Each structure stands twice: as C-alpha cells, then as structure tokens.
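Here the structure is a predicted model, which means the values were calculated and not measured. All residue numbers in this chain count up from 1 along the given sequence.
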Amino acid sequence: MSTPDLQAVVDRLEIQDLISRYPVFVDDKQLDSLDGLFTADARLDFTSFGGPQAGLGEVKEFLTASLGMFASTQHMMGLPMITLNGDTATAKTSCHNPMVMEGPDGKRQAWLIGLWYDDEFAKSADGWRIASRTATRCYAVLNLNDTNLTA
C-alpha cells in the first residue's frame, strides 16, 4: 500500500470513529461529549424533526428537551458512504432509531424513526471534526404498544 492510500484508510477510520461516537453520546445522554466531535463553528440542521438549524449548543438544548421524554433510545448507524477530498470530506449515513417511552397507561411504547445524516468534515491539527450535519427524516412509525418492551 502506498503512503497516500494508507492515509486515506486512516482518514476513513477516523471519520467512521466520529460517526460511531455520536450515537453513543446521544443515547447515553452525554451531550457535552459531543463538543469533541464537532468544529467550534459547526452548523447543524434538525428542522426535519422540529429542531433548529443552528450551532451545536442550540442543538444540544433541543436534544436534551426532545430526548428527555424517552426511557431509552438507540441510534443504530449504518455504514457511512465517505468521500475524501484532501482535508475535507463528506459522508451519508443511515440511522434506524427505536425510542421507548412510557405511555399514559404505564405501558411502554416504541417509536421507530429512520433518518439520514449528511455530514461535512474538516481536518485540522486536532484531527477530523464534523463541520456540518443535516438530519433528514426518512420514515417514522409512532406509538407501537408492546408490553414486552423492557427499557
């Protein structure tokens, strides 16, 4: 493998690592850990979910408010399609997101949401960071009652 090919592999792995850390931090409600994944001036668009098109701080507030009603969430990320271009890159990643909440009758309800993340990345002295993220809703199946949900 030549040096440029090896660098491309390293870059892809670092970008995949960023993408994989995001759902863990969100699902564990460790939203301040997201600061290490994004550039300081990152722009995020969560308007597809009733959220803001804003910087990370405002999006973290939105995530805190909107995910707080759920007993558990699990953002299951697909393999990203990454395109490298020097010190920038883009990726498109699918996400299947089941979320569990307690209904008014005390029974658990599952919400199933499918979405796409379209990301732009920037490489700096600190490594790769997400510079832009757009979350686009693909499908939603809401309020599935199932007494076997144990979140």
Side-chain angles (χ1 to χ4, degrees), residues 1-101 108-144 149 151:
M1 207 179 259
S2 69
T3 302
D5 291 339
L6 181 58
Q7 186 59 54
V9 170
V10 169
D11 289 341
R12 286 178 186 281
L13 289 173
E14 289 180 6
I15 290 169
Q16 283 181 335
D17 187 60
L18 285 176
I19 293 169
S20 70
R21 288 176 183 275
Y22 176 84
V24 172
F25 295 153
V26 170
D27 293 334
D28 287 347
K29 297 183 171 93
Q30 298 176 5
L31 298 180
D32 285 337
S33 295
L34 295 175
D35 296 349
L37 305 182
F38 290 86
T39 61
D41 61 348
R43 299 303 299 165
L44 295 88
D45 183 348
F46 279 72
T47 56
S48 180
F49 295 94
Q53 183 174 1
L56 182 58
E58 193 172 330
V59 169
K60 288 188 330 187
E61 290 174 11
F62 165 73
L63 290 173
T64 298
S66 61
L67 296 176
M69 71 179 93
F70 296 101
S72 64
T73 62
Q74 185 179 37
H75 290 72
M76 297 182 285
M77 307 296 276
L79 290 173
M81 183 180 72
I82 299 170
T83 303
L84 297 172
N85 186 20
D87 288 343
T88 63
T90 60
K92 185 174 189 82
T93 309
S94 63
C95 177
H96 177 75
N97 181 16
M99 301 181 292
V100 176
M101 69 183 301
R108 300 283 181 155
Q109 299 176 333
W111 292 22
L112 305 175
I113 309 253
L115 62 138
W116 291 98
Y117 288 114
D118 289 292
D119 296 324
E120 296 177 5
F121 300 87
K123 188 176 185 180
S124 69
D126 296 326
W128 286 98
R129 297 291 184 267
I130 303 168
S132 171
R133 167 163 279 183
T134 300
T136 304
R137 183 186 307 243
C138 181
Y139 66 86
V141 181
L142 307 177
N143 298 322
L144 295 176
L149 296 172

Holding to salt bridge (Lys or Arg N to Asp or Glu O under 4.0 Å), I want the full list of residues that pass it with [X], two or more places apart in sequence or in another chain.
| X | result |
| --- | --- |
| D32 | K60 |
| K29 | none |
| D118 | K92 |
| D11 | K123 |

Are E14 and D17 close enough that some pair of their side-chain heavy atoms sits under 4.5 Å apart?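 Heavy-atom side-chain distance check fails, nothing below 4.5 Å.
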
Can you tell me which residue pairs pass the ring pair (Phe, Tyr, Trp, His ring centres under 6.0 Å) test with a partner in residues 34-68, sequence neighbours excluded?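 Non-adjacent pairs meeting ring pair (Phe, Tyr, Trp, His ring centres under 6.0 Å): zero.
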
In Å and rounded to the nearest 0.5 Å, what is the [atom1] to [atom2] distance from [X] to [Y]?
| X | Y | atom1 | atom2 | result |
| --- | --- | --- | --- | --- |
| R133 | D119 | CZ | CG | 4.0 Å |
| T39 | R129 | OG1 | CZ | 9.5 Å |
| T73 | H75 | OG1 | NE2 | 5.5 Å |
| L56 | D41 | CG | CG | 11.0 Å |
| Y22 | T93 | OH | OG1 | 11.5 Å |
| T134 | D45 | OG1 | CG | 4.5 Å |

As a quick check of understanding, evaluate side chain to side chain contact (heavy atoms under 4.5 Å, CB included) for V24 and R21, giving each step before the final call. CA-CA 5 Å; V24 172; R21 288 176 183 275; 5.7 Å; no

Under 3.5 Å: donor-acceptor pair, side chain of S132, backbone of E120: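 Looks like no, no N/O pair under 3.5 Å.
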
Could you walk me through whether F25 and L37 pass side chain to side chain contact (heavy atoms under 4.5 Å, CB included), step by step? CA-CA 10 Å; F25 295 153; L37 305 182; 3.8 Å; yes

Which heavy atom of E58 sits nearest a heavy atom of P52, and at what distance? OE2-CB, 3.4 Å

Looking at L115 and A135, what are the two nearest heavy atoms and their distance? CD1-CB, 4.2 Å

So does R12 have more than 12 non-hydrogen atoms from other groups sitting under 6.0 Å from CZ? yes

Pair up each side-chain donor or acceptor in residues 77-91 with any protein partner under 3.5 Å, not counting sequence neighbours, and list the distances.
unit_1: T88; atom_1: OG1; unit_2: N85; atom_2: O; d: 3.1

Intermediate values then yes/no, side chain to side chain contact (heavy atoms under 4.5 Å, CB included), Y139 and H96: CA-CA 9 Å; Y139 66 86; H96 177 75; 2.3 Å; yes

